[in-house]
Amino acid sequence: MADKTAKLHLNGQDYDLPLLSPTKGPDVLDIRKLYGQADVFTYDPGFTSTASCDSTITFIDGDKGELWYRGYPIEQLAAKSSYLEVCYLLLYGELPSPTQMEDFRARVTRHTMVHEQMHNFFRGFRRDAHPMATMVGVVGAMSAFYHDSTDVNDEWQREVAAIRLIAKLPTIAAMAYKYSIGQPFVYPSNDLDYASNFLNMCFSVPAEKYEVNPALARAMDRIFTLHADHEQNASTSTVRLAGSSGANPFACIAAGIACLWGPAHGGANQACLEMLREIGTVDRIPEFIARAKDKSDPFKLMGFGHRVYKNFDPRATVMKESADEVLDLLGVGDNPTLQVAKELEKIALEDEYFIEKKLYPNVDFYSGIILEAMGFPTAMFTPIFALSRTVGWIAQWKEMIGDPQNKIGRPRQLYIGSDRRDYVDLKSR
Ligand code: SDX
């Protein structure tokens with residue numbers, strides 16, 4: 001991939017740094033030998049200018065607002081594909097044939113139940129535990145229940161772990177929800193599609209028949225697809241870093257869930273809806289816009305801004321269309337929170353500060369409005385993001401494990417602490 005070089009002149013020496021050419025996107029300066037040759041580190045806290053790996057899975061163009069899974073634009077996948085087909089695409093790199101799709105669906109379906117002993121594991125949590133806390137714990141504990149698929153050096157075990165995670169995360173997320181509201185767990189139904197099964201496990205009760213609304217199932221499935229993968233974001237990088245030490249796949253995914261929980265990342269969908277509720281009415285929007293611009297105020301507009309997207313988040317565009325459809329379907333098109341969101345988006349996009357800082361609605365801005373309309377409490381928004389992203393984390397983890405260049409991730413630092421000094425006895429201080 002290196003057909004060009006960049007020259008670095010440092011301390012009287014010249015160094016040739018290979019310039020790696022991507023399929024698409026910026027060239028990459030290969031600095032792997034820099035420390036060995038020039039005895040210097042590079043410095044990039046937050047990794048704003050750093051490629052941590054090469055990957056064939058997802059491409060993002062932040063300026064053009066493009067997002068591709070294995071080369072296919074997200075808008076086409078959201079409109080024409082299904083989440084389970086997108087899972088196959090992310091895991092194996094190609095769209096499945098009808099036979100491959102049926103086989104994959106059957107394998108996932110056969111793994112949707114969790115070990116019965118996990119029901120007791122849930123009962124160790126307080127009922128009011130945040131579902132993300134439960135999911136971090138239960139997914140991490142999968143390494144104890146599914147020990148026969150934890151050997152990362154065994155390709156078959158890696159494959160089984162991938163299928164188990166994709167199949168069981170909806171069941172675990174639904175169990176976390178049911179546990180938090182004191183309702184009995186609902187077992188998966190193998191005659192339902194992936195999204196319908198999740199809605200059924202969340203909203204059905206043994207006491208009465210529950211019919212999944214196909215339009216809501218379609219919207220749920222689309223939300224899963226929009227969140228499935230997103231290049232080397234914070235939680236994916238966490239999964240890769242955990243995986244680089246050889247940790248088992250369940251531990252790596254639990255680490256990803258923990259990272260995703262942060263309000264700057266996947267926790268933003270919950271924080272965004274809570275912010276929209278706090279704003280309450282359209283006339284209070286200017287007050288919050290002013291706070292977002294006030295450097296002395298830590299307040300940020302949740303659901304706005306993105307490290308990569310600097311024009312628009314293509315997922316937010318699809319999500320906004322879906323919000324209109326779902327709320328109209330549910331007869332809550334005049335939902336006050338949606339009205340505040342639309343007016344906030346309009347005002348912010350015309351405001352100099354947001355234009356200058358290139359702040360646009362991201363994937364989390366509208367998702368919470370749809371999920372709330374579907375009946376989910378805000379605490380379930382990030383667990384739904386986590387179950388959607390599990391396939392992306394697993395695909396990236398598999399790619400890393402299968403990479404012959406794979407080695408443990410171990411960044412260095414710019415040390416600015418004390419120089420060497422000798423210990424002083426307590427009586428002498
Ligand atoms: C996700 O990386 C991914 O791909 C993530 C994700 C995925 O699919 O995995 O897309 C999912 O995490 C989406 C982002 C969800 N987070 C939020 O909505 C929280 C609010 N957004 C911000 O916290 C922020 O925008 C980030 C964290 C998303 C991005 O932060 P960056 O890239 O580090 O940018 P920054 O914080 O340095 O902001 C640049 C400037 C700053 O001002 P200056 O220091 O230059 O004066 O813009 C300002 C920030 O203060 N700014 C905001 C703002 N976001 C950034 N000001 C007000 N409101 C905001 N939301």
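Whatever order the structure lists them in is the order used to number ligands and atoms, beginning at 1. Every heavy atom of this structure was used, including side-chain atoms; hydrogens, water molecules and symmetry mates were not. Positions are given from 1 along the sequence.
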| Distance-only polar pair, side chains of Q339 and D334, donor-acceptor under 3.5 Å | no
| Between T236 and Q232: side-chain donor-acceptor atoms closer than 3.5 Å | no
| query | Q183: what forms a side chain to side chain contact (heavy atoms under 4.5 Å, CB included) with it, not counting sequence neighbours? | reply | K178, I181, V205
| query | Under the salt bridge (charged side-chain N to carboxylate O under 4.0 Å, His left out) test, which residues partner E287, sequence neighbours left out? | reply | R284
| request: Sorted by first residue and then second, give each salt bridge (Lys or Arg N to Asp or Glu O under 4.0 Å) pair with at least one member in residues 361-383; sequence neighbours left out. | output: R277-E372
| task | Write down, by chain and number, every protein residue that brings a non-hydrogen atom to less than 4.0 Å from an atom of ligand 1. | result | H230, N233, P263, A264, H265, A268, A292, K295, K300, L301, M302, G303, F304, G305, H306, R307, R315, Y353, K357, L359, N362, D364, F385, R389
| said: Would you call the rings of Y194 and Y83 parallel, tilted or perpendicular, taking 30° and 60° as the class edges? | reply: tilted
